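All ligand and atom numbering here is 1-based and tracks the order in the structure. From a predicted model like this one, the values you see are computed outputs, not experimental measurements.
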Amino acid sequence: MNISTENTIAQPVGTTLERYIMRKQAEFQFATGELSQLLRDIALAGKIVNREVNRAGLTSIIGAMGQQNVQGEAQQKLDVEANIRFIRALTNGGEACAVLSEEEDDIIHTGNCQGKYVVAIDPLDGSSNIDVNISIGTIFSIYRRVTPVGEPATAADFLQGGRRQVAAGYILYGSSTMLVYTTGHGVAGFTYEQSLGEFFLSHPSITIPASGTVFSCNEGYWFDYPEYVRQYLTECKRQGQSGRYVGSLVADYHRNLLTGGIYLYPPTGKNPQGKLRVLYEGFPLAYLIEQAGGRAETGTGPVLDIEPTDFHQRSPLFVGSPELVASLLAAAGPVA
Ligand SMILES: O=P(O)(O)OC[C@H]1O[C@](O)(COP(=O)(O)O)[C@@H](O)[C@@H]1O
Ligand SMILES: [Mg+2]
Ligand SMILES: [Mg+2]
């Protein structure tokens, strides 16, 4: 995978997402437009979910479904709604032959067997914050399929490994709604203008500050954390750094991407492998942070070097400014 943080051709703030995608596609002579269309489909679903998020309180799409997902977690109505919307948009768009969702046990075959791409997705990240009006998000990861076009996708298409992603990003439904993604040539951010129903380029080339003064983790698990994590956090506090933890990975990640900082989800007693899922949280956010000049580690190696074997496998995640992640790893000592 071509990991380069320089943008190809800079585009002006205010460019529409559509114009940006078309110009980017034009830079690659062999591009045939399918990935461009796939990105449009994701943006469309993001607009629809944004509408549902903004009116959830009025349309009773809040609260729990009274059922669990494959993770054994209580599904929120908006989890299910977002899942339906993204799968529908990817099915109707025609470019994705299959989808792997946090909310589904197995691969969802879209019927687009001619589609060259597969998409792994966390339709609604930050589920515990849905009903209390705190920022939530969507995370996506795109691979070019390795199985023959015309045949159904298989697990192999999704278990290629993080460095085989061709695009990844997230949508943050916050004080403003943003789409942030990479296709391997830097990171761009788009802000949604509700009244026009359009994403506009607001952050042409995002790079994370090398260091920062923010750490994001759930200190409720303090006594579960490995000793090196406690040592690192104690030093952060000794330096007077700020603890900022929203409880929505996308929100904490996005703030740290712009201001500098580190997000930590270490192993805990409840989740000895960490809570976050590799295929639709760790890999896409690791790919994007490396494109922005940052680092994403598990504590025993780069997240992107994980060799996935299961759709919903989990791993610890330490992601953010490279100097902060390096300091954490120094506390960890030689790779276990
Ligand atoms: O409540 P905890 O254990 O601190 O976990 C919070 C983390 O879990 C998550 O909600 C997991 O994502 P989902 O909401 O998609 O399951 C992250 O967004 C968040 O950072
Ligand atoms: Mg999530
Ligand atoms: Mg989720």
With a 4.0 Å cut-off on heavy atoms, does Asp252 reach ligand 1?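 In this structure, Asp252 fails to qualify as a contact of ligand 1 - no heavy atom is under 4.0 Å.
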Lys270: heavy atom below 4.0 Å from ligand 1, yes or no?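 For ligand 1, residue contact (heavy atoms, under 4.0 Å) with Lys270 is absent.
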Can you name the atoms of ligand 1, numbered from 1 with element, that are less than 4.0 Å from a heavy atom of [X]?
X: Ser248; answer: 18 (O), 20 (O)
X: Leu249; answer: 17 (C), 18 (O), 19 (C), 20 (O)
X: Asp122; answer: 15 (O)
X: Tyr221; answer: 2 (P), 3 (O)
X: Glu281; answer: 11 (C), 12 (O), 15 (O)
X: Leu124; answer: 15 (O)
X: Ser127; answer: 14 (O)

Looking at ligand 1, does any of its N/O atoms fall within less than 3.5 Å of an N/O of [X]?
X: Ser128; value: no
X: Leu276; value: no
X: Gly126; value: yes

Heavy-atom distance under 4.5 Å between the side chains of Arg88 and Ile48, does that happen here?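 Counting from C-beta outward, Arg88 and Ile48 never come under 4.5 Å.
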Measure the distance from [atom] to every protein heavy atom, then report the residue, atom name and distance (to 0.1 Å) of the closest one.
atom: atom 4 (O) of ligand 1; result: Tyr245 OH, 2.6 Å
atom: atom 19 (C) of ligand 1; result: Gly247 O, 3.3 Å
atom: atom 20 (O) of ligand 1; result: Tyr263 OH, 2.8 Å

Given Leu324, which partner from the list Tyr263, Tyr232, Phe318 fulfils the side chain to side chain contact (heavy atoms under 4.5 Å, CB included) test?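 Among Tyr263, Tyr232, Phe318, the one that satisfies the side chain to side chain contact (heavy atoms under 4.5 Å, CB included) with Leu324 is Tyr232.
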Check whether any N, O or S atom of [X], backbone or side chain, sits closer than 2.8 Å to the Mg ion (ligand 3).
X: Asp79; answer: no
X: Asp122; answer: yes
X: Ile139; answer: no

In Glu102, which N, O or S atom comes closest to the Mg ion (ligand 3)?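 For Glu102, the N, O or S atom at the smallest distance from the Mg ion (ligand 3) is OE1.
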Between CD1 on residue Ile262 and OG on residue Ser211, distance to nearest 0.5 Å: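 Here the rounded value is 9.5 Å.
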Distance from Thr91 atom OG1 to Ile87 atom CD1, nearest 0.5 Å?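 Interatomic distance, Thr91 OG1 to Ile87 CD1, rounded to 0.5 Å: 7.0 Å.
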Check whether any side-chain N or O of [X] sits under 3.5 Å from a backbone N or O of [Y] as a donor-acceptor pair, and report yes or no.
X: His109; Y: Thr154; answer: no
X: Ser321; Y: Pro209; answer: yes
X: Thr298; Y: Pro302; answer: no
X: Thr16; Y: Phe200; answer: no
X: Thr138; Y: Pro123; answer: yes

On the 0 to 90° scale, with breaks at 30° and 60°, tag the Tyr20-Phe190 ring pair as parallel, tilted or perpendicular.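 Taking Phe190 first and then Tyr20, their aromatic rings stand perpendicular (interplane angle over 60°).
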Measure up the His185 and Phe28 rings against each other and bin them: parallel (under 30°), tilted (30 to 60°), perpendicular (over 60°).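 It falls in the tilted class, 30° to 60°.
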Where's the contact between Asn218 and ligand 1, heavy-atom distance under 4.0 Å: side chain, backbone, both or neither?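 The answer is the side chain.
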Side chain, backbone, both or neither: which applies to Val250 and ligand 1 if a contact is any heavy-atom pair less than 4.0 Å apart?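 No part of Val250 comes within reach of ligand 1.
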Output yes when Glu52 and Lys77 qualify as a salt bridge under the 4.0 Å nitrogen-oxygen rule, no when they do not.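 Salt bridge absent between Glu52 and Lys77.
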Carboxylate-amine/guanidinium contact Arg23 Glu27, below 4.0 Å: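 No.
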Glu219, Lys275, Arg277: member with heavy atom nearest to atom 16 (O) of ligand 1: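 Nearest heavy atom to atom 16 (O) of ligand 1 lies in Arg277.
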Identity of the N, O or S atom of Asp125 lying closest to the Mg ion (ligand 2):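 For Asp125, the N, O or S atom at the smallest distance from the Mg ion (ligand 2) is OD1.
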Of all N/O/S atoms in Glu281, which lies nearest to the Mg ion (ligand 2)?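 Answer by atom name: OE2.
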Glu193 and Ser195 side chains, donor-acceptor separation under 3.5 Å: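 There is such a pair (donor and acceptor under 3.5 Å, judged by atom type) between the side chains of Ser195 and Glu193.
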